[in-house]
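This report concerns only the one structure given below.
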Amino acid sequence: MSLKGKTLFITGGSRGIGLAIGLKAARDGANVAIFAKTAEPHPKLPGTVFTAATEIEAAGGRSLAIIGDVRFEDQIAAAMAKTVETFGGIDILVNNASAISLTDTAATDAKRYDLMDQINGRGAFFCTRAAAPFLVAAENPHVLNLSPPLDMQAKWFAPHVAYTIAKFNMSLCTLGHAGEFAERGIAVNSLWPLTAIDTAAVRNVIGTERGAPRKPEIVADAAYAIFKKPSRSCTGNFFIDEEVLREEGVTDFSIYAHDPAAELLADYFVPEEVFARSPTTLNRFY
């Protein structure tokens, strides 16, 4: 199955994983609406909605750049309407927009807490709510939340309670919306990387001293594989990128490494059972 002619609505898609997913779909000839806040270049955050749209077009897709903020319901609704007006519908929603602050409770003020809460869980909820009436009319509709498995252990919460709550809220949306929309044929899944991914957040917030990140293309390739699965039989899953690709027959993961000889850094929130069955050697800092 190709994504040619399909329409993707990607939040926070001006850079990183969101852009990589858009480019992967664009190479099939998909339509990609980029909904993000970055209109002007930022010194620490390369890329804008407009540069992303240009890359989408160059990759072979049709693009729509929409400046907006997932914290505002009216902006979400307007962006969805503009996407449908331009491309005729929405087939895939990617809830990628996210805010991160790896601060403990004492260092997390209300403004920082609210930002993460509103962009991550609340943003995913209201984008899914706004997209659902359009997705139900699609042939093989998918919602993909870039959020982790619900591994409820203190080790994930204790170092940064507010951030973990915000990310797990996205995953709770996956759990609930998969059940709610099952009869309507809308697949709702989560996708999370086994390793850290080379994004602005990793470079600026987490750093790379403890291990090397992989390229965002590994997440994009896994997302692409999920989008091609039948929506009525593939829903409510918490996928790990490497596991998705291994099931697709991929055995050489060096193509996703900046330095194939460097030790890879395990991502946050990956459950022990995933580590146990993975053949990949990782630096686990939890």
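The figures here come from the full heavy-atom set of this structure, side chains too, leaving out hydrogens, waters and symmetry mates. These numbers were taken from a predicted model, which means no experiment stands behind them.
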Go through it in stages, so that I can follow the logic: the residues are Ile165 and Phe157, the test is side-chain contact (heavy atoms from CB on, under 4.5 Å), and I'd like the CA-CA distance, side-chain angles, deciding distance and then a yes or no.
CA-CA 8 Å; Ile165 289 172; Phe157 289 84; 4.3 Å; yes
Kindly check if the number of other-residue, nucleotide or ligand heavy atoms within 6.0 Å of [atom1] ([X]) is above 12?
{"X": "Glu273", "atom1": "CD", "value": "yes"}
{"X": "Lys4", "atom1": "NZ", "value": "no"}
{"X": "Lys82", "atom1": "NZ", "value": "no"}
{"X": "Arg129", "atom1": "CZ", "value": "no"}

Before giving the answer on side-chain contact (heavy atoms from CB on, under 4.5 Å), spell out for Leu135 and Arg184 the whole-Å C-alpha distance, their side-chain angles and the decisive distance to 0.1 Å.
CA-CA 9 Å; Leu135 290 168; Arg184 301 171 71 181; over 6 Å; no
Are the side chains of [Y] and [X] in contact, using a 4.5 Å heavy-atom criterion?
{"X": "Thr48", "Y": "Ser14", "answer": "no"}
{"X": "Val250", "Y": "Asp221", "answer": "no"}
{"X": "Tyr256", "Y": "Glu242", "answer": "no"}
{"X": "Arg71", "Y": "Lys37", "answer": "yes"}
{"X": "Asn145", "Y": "Cys173", "answer": "yes"}
{"X": "Glu243", "Y": "Leu194", "answer": "no"}
{"X": "Ile240", "Y": "Pro149", "answer": "yes"}

Are [Y] and [X] connected into the same hydrophobic cluster when the rule is that any two of I, L, V, M, F, W, Y join if their side-chain heavy atoms are below 4.5 Å apart?
{"X": "Phe72", "Y": "Val70", "result": "no"}
{"X": "Leu175", "Y": "Phe181", "result": "no"}
{"X": "Phe35", "Y": "Leu64", "result": "yes"}
{"X": "Val32", "Y": "Val84", "result": "no"}

[Y]/[X] salt bridge by N-O under 4.0 Å criterion:
{"X": "Glu248", "Y": "Lys228", "answer": "no"}
{"X": "Asp117", "Y": "Arg122", "answer": "no"}
{"X": "Lys111", "Y": "Asp109", "answer": "no"}

At their closest point, which heavy atom of [X] faces which heavy atom of [Y], and how far apart are they?
{"X": "Gly5", "Y": "Asp91", "answer": "O-OD2, 4.4 Å"}
{"X": "Ala166", "Y": "Met116", "answer": "CB-O, 3.6 Å"}
{"X": "Lys229", "Y": "Ala225", "answer": "CG-O, 3.4 Å"}

Main-chain N/O of Gly236 paired to Asn189 side chain as donor or acceptor, under 3.5 Å
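Yes, Asn189 side chain to Gly236 backbone: donor-acceptor pair under 3.5 Å.
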Knowing that exactly one of Thr174, Asn237, Val143, Ile226 qualifies, which makes a side-chain contact (heavy atoms from CB on, under 4.5 Å) with Ser190?
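Checked Thr174, Asn237, Val143, Ile226 against Ser190; only one passes side-chain contact (heavy atoms from CB on, under 4.5 Å): Thr174.
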Working note: Leu144 + Ile92, criterion side-chain contact (heavy atoms from CB on, under 4.5 Å); need CA distance, chi angles, decisive distance, verdict.
CA-CA 8 Å; Leu144 187 66; Ile92 297 167; 5.7 Å; no
Check against side-chain contact (heavy atoms from CB on, under 4.5 Å), Asp151 and Phe269
CA-CA 7 Å; Asp151 190 34; Phe269 310 129; over 6 Å; no
